[in-house]
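Notes follow once the structure below has been shown.
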Amino acid sequence: MGELADRRARLASARAELLEHPDVDLRGVPARVAASWRRSVASGVHPTTVISEYHPDLDFDSRLVRCARPVIEQLVEQIGDVPTCVALTDKQARLLLRADSTSWMGRIADAMYFAQGFDYAEGAVGTNGVGTVLEAGESVHIVGGEHFAESLQPYACAGAPVRDPYTGRLEGVLDISCLAEHSSPIMHSLVRTAAAQIEHGLLVDRNQLQQALFDVYTRIDARSRSAVLAVGERTVMANSPMQGLLEPGDLAALQEHARFVMLRRPTIDDRVDLPSGGRVRMRGSTVTVGSAVAGVVGVVTLLAETNRAVGGRRSGTAPDTTCPAWREAWGAVQRALTTDTAVLVIGEPGSGRFTLLSQVFRQAGEGRVVAIEAADVESGAAAAQPPRREPTPTLVVLRDIDRLSGAAAARLFTALANDPADRPSLAATAAGRVDGELLALLQTSVTVPPLRNRASDLPALVDALLAELAPHRRVGLSPEAQRLLQRYGWPGNVTQLRAALEFALRLRPVGRIEVADLPAFCQSSPRIALRPVDEVERDAIVAALRDAGGNRVAAAAALGLARSSLYRKIRQYGITL
């Protein structure tokens with residue numbers, strides 16, 4: 001009993017010193033707990049009270065919950081003699097399910113906000129058996145004074161990660177909590193065993209398509225020493241030789257290629273050019289269940305030859321890209337313009353629809369591209385004097401026809417096509433639904449992918465934009481800045497990427513662009529669209545964090561915010577710094 005009291009006293013003393021002096025040496029504190037305490041201080045966690053955010057929009061009947069429910073019920077029954085609660089969270093530490101062995105233990109958990117829908121991330125409530133598992137990536141057992149928040153110190157918790165058996169990604173955390181005096185090392189063993197049972201349930205519960213893809217992948221991997229890659233709509237599996245074969249950018253490009261071809265042909269034997277300039281051969285076949293395509297499984301071989309055309313025009317007939325969807329769009333537009341077919345290019349704003357049309361049209365030689373904006377057509381300004389064919393070949397592009405009424409655009413198209421012997425080539429772009437009358441005036445359509453689906457193209461796009469924005473200057477990105485751009489989702493597509501680089505060049509006109517030179521939005525991925533006032537606040541928070549070197553305590557002080565408020569806003573805006 002004296003030994004336990006001494007341990008509690010040592011932990012309490014060390015914690016008090018840490019709160020006074022964040023850099024103090026935490027002697028006598030387990031390394032994992034000490035690291036968690038320091039993270040808790042840096043995140044601005046309240047040292048005495050649990051402050052947890054409620055999330056009403058969670059999926060409380062998800063596949064993870066369905067697989068975990070019987071395991072949790074069995075576990076509660078198994079340890080029913082000890083007052084406990086067993087909880088399941090998602091991968092963001094938000095409680096999805098909880099079962100209690102006694103009603104009074106449930107009331108205690110409710111008082112600590114350890115309830116369905118509440119957040120138990122380490123950055124919100126400090127060291128605990130859920131958030132600390134997510135930070136450490138492995139199971140933990142936190143007892144009494146090892147908790148950072150004083151209000152949690154009367155309790156003990158053991159948590160274990162639950163991973164997807166196919167992808168290895170962490171899907172959630174299973175936790176057992178009880179009073180500290182009832183804690184035992186067996187809790188840690190029980191929670192790990194139960195987490196493994198949930199993982200087995202996830203394996204069995206996989207739908208038929210994923211199961212079929214997994215079965216084919218394991219068979220090929222078992223009989224081959226080569227690099228094996230399986231790619232489904234949302235699943236990627238790669239054996240050890242595959243993981244060591246390619247750089248991340250090259251692997252992303254190969255996955256894009258596999259997803260593209262798996263919906264178009266039953267077998268694959270392709271030589272694929274990679275962003276790094278290398279080339280691989282992928283041989284395999286698609287996996288189907290009935291008429292549905294589960295994915296493609298193939299053996300990948302690195303070829304000795306190098307694609308020296310990467311970064312330059314490929315024989316004047318193909319774009320500088322390894323993205324198969326973009327290359328197909330290029331070819332379709334090229335066929336349409338070659339045969340003087342009026343073509344509609346569909347895609348998100350800023351994705352390069354007009355650029356694609358312009359580049360393909362000018363590829364054959366000198367040519368003039370005339371853009372007609374939707375606002376001009378609607379007002380009648382563009383219809384009065386439509387462009388006529390001149391000695392120089394001309395392409396007229398009606399931009400954003402989904403913003404037009406059918407009558408307004410029809411008047412322009414009628415004027416353009418009035419004299420077939422003397423009219424320019426015609427094309428249009430759209431981001432949404434197009435009026436039926438307009439569709440009757442077009443003969444074919446092409447879809448371009450958004451920038452987030454062209455990850456392998458991003459380095460080349462950045463180089464091209466920098467060359468255009470800063471000609472004859474020595475300018476480039478640091479590796480950290482390049483990785484930041486790769487992680488961002490680019491909802492504004494290439495237009496937004498250009499704006500980010502223009503911003504950076506104003507701060508760093510020559511030399512190497514660093515993370516701090518990029519706009520704040522590159523380090524924010526909010527789940528909903530932000531109002532202008534929110535964007536201003538987000539940018540101020542990112543700037544403060546950058547100035548403080550990522551130290552959230554210092555950033556909160558500079559902003560005049562409580563640390564808990566700063567942490568909440570970091571989550572709200574999806575700030576990744």
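- Using modelled atom types, no side-chain atom of Gln153 and backbone atom of Gly144 make a donor-acceptor pair closer than 3.5 Å.
- Residues Pro83 and Thr102 share a closest heavy-atom pair of CB-OG1, 4.1 Å.
- Side-chain N or O atoms of Thr286 include one that pairs as donor or acceptor with a backbone N or O of Pro266 at under 3.5 Å.
- Applying the salt bridge (charged side-chain N to carboxylate O under 4.0 Å, His left out) test to residues at least two apart or on different chains, the pairs with a partner in residues 126-151 are Arg7-Glu146, Arg15-Glu150, Arg32-Glu138, Arg39-Glu135.
- Across all their heavy atoms, Asp90 and Leu58 have their closest contact at OD2-CD2, 4.2 Å.
- In this structure, Val71 and Gln197 approach most closely via the heavy-atom pair CG1-OE1, 3.4 Å.
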Original post:
Please walk me through it: do Glu53 and Arg571 pass side chain to side chain contact (heavy atoms under 4.5 Å, CB included)?
Top reply: CA-CA 11 Å; Glu53 184 177 349; Arg571 285 180 292 161; 3.5 Å; yes

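- Between Met237 and Thr235, some side-chain heavy-atom pair lies under the 4.5 Å cut-off.
- Shortest non-hydrogen contact noted between Leu251 and Met242 is CD1-CE, 3.9 Å.
- A tilted orientation is assigned to the rings of His141 and His188, their planes being inclined by 30° to 60°.
- Within a 6.0 Å radius of CG in Leu19, other residues, nucleotides and ligands contribute more than 12 heavy atoms.
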**OP:** Any chance you could lay out the side chain to side chain contact (heavy atoms under 4.5 Å, CB included) test for Leu458 and Leu497, step after step, and finish with the verdict?
**Re:** CA-CA 9 Å; Leu458 192 63; Leu497 175 61; 3.7 Å; yes

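- Without hydrogens or angle criteria, Asp547 side chain to Ala544 main chain gives no donor-acceptor distance under 3.5 Å.
- Using a cut-off of 4.0 Å between Lys/Arg side-chain N and Asp/Glu carboxylate O, Asp110 and Arg98 are scored as salt-bridged.
- Atom CD1 in Ile186 sits 9.5 Å away from atom CD1 in Ile79 (nearest 0.5 Å).
- The salt bridge (charged side-chain N to carboxylate O under 4.0 Å, His left out) test applied to Arg283 returns no partner, not counting sequence neighbours.
- For Ser13 (side chain) and Ala9 (main-chain N/O), no donor-acceptor pair under 3.5 Å exists by modelled atom type.
- In terms of modelled atom types and a separation under 3.5 Å, the side chain of Asn128 and the main chain of Tyr120 share a donor-acceptor contact.
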**OP:** Could you check Phe114 against Val130 for side chain to side chain contact (heavy atoms under 4.5 Å, CB included), going step by step and ending with a plain yes or no?
**Re:** CA-CA 10 Å; Phe114 195 62; Val130 173; 4.2 Å; yes

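- With contacts defined as side-chain heavy-atom distances shorter than 4.5 Å, the pair Val82/Met187 does not qualify.
- A donor-acceptor pair is defined here as one N or O able to donate and one able to accept, closer than 3.5 Å; such a pair exists between the side chain of Ser101 and the backbone of Thr84.
- Ring geometry for Trp490 versus Tyr488: interplanar angle over 60°, hence perpendicular rather than tilted (30 to 60°).
- A 4.5 Å side-chain heavy-atom check between Leu75 and Thr193 finds every atom pair outside the cut-off.
- We find the CG-CZ distance between Leu202 and Arg163 to be 12.5 Å, quoted to the nearest 0.5 Å.
- Glu480 and Arg483 are joined by a salt bridge, as a carboxylate oxygen and a charged side-chain nitrogen come within less than 4.0 angstrom of each other.
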Original post:
Can you list the steps and then say if Phe60 with Val65 is a side chain to side chain contact (heavy atoms under 4.5 Å, CB included)?
Top reply: CA-CA 7 Å; Phe60 298 121; Val65 173; 5.7 Å; no

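- Ion pairing of Glu171 with Arg63 is absent here, as no side-chain N (NZ or NE/NH1/NH2) approaches a carboxylate O to less than 4.0 Å.
- In this structure, Glu17 contributes its side chain and Leu26 its backbone to no donor-acceptor pair below 3.5 Å.
- Considering OG of Ser478 and CD of Glu514, their distance stands at 4.0 Å, rounded to 0.5 Å.
- Residues Arg552 and Tyr567 are in side-chain contact: their nearest non-hydrogen atoms beyond the backbone lie under 4.5 Å apart.
- Between Pro459 and Gln486, the closest side-chain pair of non-hydrogen atoms falls below 4.5 Å.
- Although no hydrogens or angles enter the test, the distance criterion places no donor-acceptor pair under 3.5 Å between the side chain of Arg10 and the main chain of Val29.
- Residues Leu213 and Val231 come closest through the heavy atom pair CD2-C, 4.2 Å.
- Within the model, atoms CG of Asp100 and CZ of Arg107 stand 10.0 Å from one another, a figure rounded to the nearest 0.5 Å.
- Checking Gln523, Arg568, Glu537, Arg538 one by one against Tyr573, the side chain to side chain donor-acceptor pair (under 3.5 Å) holds for a single residue, Glu537.
- Atom CG of Leu11 is separated from atom NE2 of His147 by 11.5 Å, given to the nearest 0.5 angstrom.
- Rounded to the nearest 0.5 Å, atoms OG1 (Thr127) and CG (Leu152) are 9.5 Å apart.
- Defined by atom type and a distance below 3.5 Å, a donor-acceptor pair is missing between the side-chain atoms of Ser43 and Glu122.
- Residues Asn239 and Tyr217 have side chains in contact (heavy-atom distance under 4.5 Å, counting atoms from C-beta outward).
- Other residues, nucleotides and ligands place no more than 12 heavy atoms under 6.0 Å from the CG atom of Asp81.
- At least one side-chain heavy atom of Gln211 sits less than 4.5 Å from a side-chain heavy atom of Phe214.
- Using modelled atom types, one side-chain atom of His46 and one backbone atom of Thr49 make a donor-acceptor pair closer than 3.5 Å.
- Under the 3.5 Å distance criterion, the side-chain polar atoms of Asp59 are matched with a main-chain donor or acceptor of Asp61.
- Contact detail for Val125 and Ser52: the closest heavy-atom pair is CG1-CB, 4.4 Å.
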